[in-house]
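A quick write-up on the structure given underneath.
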Amino acid sequence: MMNPSVHIFPFSEFWPAYLFFLIAVAFLLWLSLRLNAARVHEVSIREATITALSWFGIALVFNALLYLFTWWRLEYNPEIVTALGGTPNSLARSTALEFLSGYLVEKSLAVDNLFVFLVIFRFFSVAPQYQQRVLFYGLFGALLFRAIFIAMGAVVMDIPLVVIFFGLFLMYQGVQVLKGDEPEMDPEKNKILRFLNRYLPVSSTMAGEKFFAREAGKWMVTPLFVTLVFVEITDIMFAFDSVPAIFGLTKEPMVVFTSNIFAVIDLRALYFLLAAFISRFHYLNYGLSFVLVFIGAKMAILDELLHLNIPTELSLLVVLGLIVGAIVLSLAKPPKEPSA
């Protein structure tokens, strides 16, 4: 696209569509929560697989509709086509591919986030049948914070110096991941946990699936609520990497917003689907580190400084190749069993 400051779906004009999309997703989450409220249970691999594949299918259908709607809008707004360069069909195709690229990157980074969820649930001894409740409510917070971060990004990411800064930041993060220097979530040493224990009446025992419970006539915060707070904090930390990464692939706010939401909406199902197998993907971090370095270099150096404007198709192939390659390598060379 020739002029990145021109958007096909500017927020000022399409804010009702953004709001409707957010409300629709929140409603589906609420409906899912209500359907599961009657039966507290451990999510099976079969249930998680069906849920994850269902959301993946919905994302693909949405992408097809996005392509058609983009083509229709550009057909009747030739001034946008002129500003961006190309044809309605090529621009619509590029938009759809950007959605797929962003969805793939966000989904892959979300998988990395599951490691932290495992640590949190194990630390607080949250039973499997209660973990999905925490993840459900955690997703509502994820929707809210992503909407805020993306709205802020849509404003500042048209400034070249900001784009270069975030590009260099992603490259730095990628190198840190490659070196194994990522900050670890250690709830036992976390200052937020100390704050909650000091200023909130935190119960020492679980109360089933409840976030609040009465003990000796006094309302107490249960460890399940503290777990939810940590899940939200983890998601905010994750968003600092993921949101700039997707802006490195597209400057279109609608694509950034929808692909990001679709990538995290089935995080609950993805967690239960991969929890038993996640240790097998021991090379995935290396693949993700190269993805971050590639996107950061694309933002800061190739696009902004050299004005090479890498085609969306090539970006998608690079990202897909790095992630699939890391997964295949993990399966081909399983981790060595520790010697006795």
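Counting begins at 1 with the first residue of the sequence. Heavy-atom basis, side chains included; hydrogens, waters and symmetry copies ignored.
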State plainly whether one hydrophobic cluster holds both Val61 and Phe27, where clusters connect Ile, Leu, Val, Met, Phe, Trp and Tyr through side-chain heavy atoms under 4.5 angstrom apart.
no
Show the numbers, then the answer: is there a side chain to side chain contact (heavy atoms under 4.5 Å, CB included) between Ile150 and Val243?
CA-CA 7 Å; Ile150 291 170; Val243 172; 4.2 Å; yes
Report, as yes or no, whether the 6.0 Å neighbourhood of atom CG on Leu161 holds more than 12 heavy atoms from other residues, nucleotides or ligands.
no
To the nearest 0.5 Å, what is the distance between CD on Glu98 and OG on Ser259?
9.5 Å
Does any non-hydrogen side-chain atom of Leu135 lie less than 4.5 Å from one of Phe121?
yes
Apply side chain to side chain contact (heavy atoms under 4.5 Å, CB included) to the pair Tyr18 and Phe14, showing each step before the final yes or no.
CA-CA 7 Å; Tyr18 289 84; Phe14 283 87; 3.9 Å; yes
Under a 3.5 Å distance rule, please check whether Glu106 uses its side chain to pair with a backbone N or O of Val264 as donor and acceptor.
no
From Tyr283 atom OH to Leu288 atom CG, the distance as rounded to the nearest 0.5 Å
15.0 Å
Should Ile23 and Val25 be counted in the same cluster of Ile, Leu, Val, Met, Phe, Trp and Tyr side chains packed under 4.5 Å apart?
yes
Same hydrophobic cluster for Ile295 and Phe149, using side-chain heavy-atom links shorter than 4.5 Å among ILVMFWY?
yes
Given the options Leu320, Leu249, Leu60, Leu100 meets side-chain contact (heavy atoms from CB on, under 4.5 Å) only with Leu60
In this structure, would Ile58 and Phe257 fall into the same cluster of hydrophobic residues linked by side-chain contacts under 4.5 Å?
yes
Any donor and acceptor pair, going by atom type alone, linking the side chain of His7 with main-chain N or O of Lys251 inside 3.5 Å?
yes
Just wondering, do Phe166 and Met171 contact through their side chains at under 4.5 Å, heavy atoms?
no
Sidechain N-carboxylate O distance under 4.0 Å for Glu313, Arg93
yes
For the residue pair Phe69 and Trp72, categorise the inter-ring angle as parallel (less than 30°), tilted (30 to 60°) or perpendicular (more than 60°).
parallel
Angle class for the Phe225/Phe212 ring planes (parallel below 30°, perpendicular above 60°, tilted otherwise)?
tilted
Mark yes or no for whether Ser94, through its side chain, and Leu91, through its backbone, hold a donor-acceptor pair below 3.5 Å.
no
Spacing of CG belonging to Asn260 relative to CZ belonging to Arg146, to within rounding of 0.5 Å:
5.0 Å
Pick from Tyr103, Phe262, Tyr67: which one makes a ring-ring contact (aromatic ring centres under 6.0 Å, His included) with Phe62?
Phe262
Separation of Ile323 CD1 from Leu104 CG (nearest 0.5 Å):
4.0 Å
Rounded distance (nearest 0.5 Å) linking atom CG of Leu224 with atom CZ of Phe211:
5.0 Å
dist Ile8:CD1 -> Leu66:CG (nearest 0.5 Å) comes out at 8.5 Å
Test log, rule side chain to side chain contact (heavy atoms under 4.5 Å, CB included), inputs Tyr286 and Leu322
CA-CA 9 Å; Tyr286 295 99; Leu322 289 170; over 6 Å; no
Pair Ser54-Thr51, side-chain donor/acceptor within less than 3.5 Å
no
Test item: Thr250 side-chain N/O and Val255 main-chain N/O as donor-acceptor pair under 3.5 Å
no
Applying ring pair (Phe, Tyr, Trp, His ring centres under 6.0 Å) to Trp15 and not counting sequence neighbours gives none
Start with the C-alpha gap between Arg73 and Glu252, add the side-chain angles, then the distance that decides, and say whether salt bridge (Lys or Arg N to Asp or Glu O under 4.0 Å) holds.
CA-CA 14 Å; Arg73 173 165 169 76; Glu252 185 60 49; over 6 Å; no
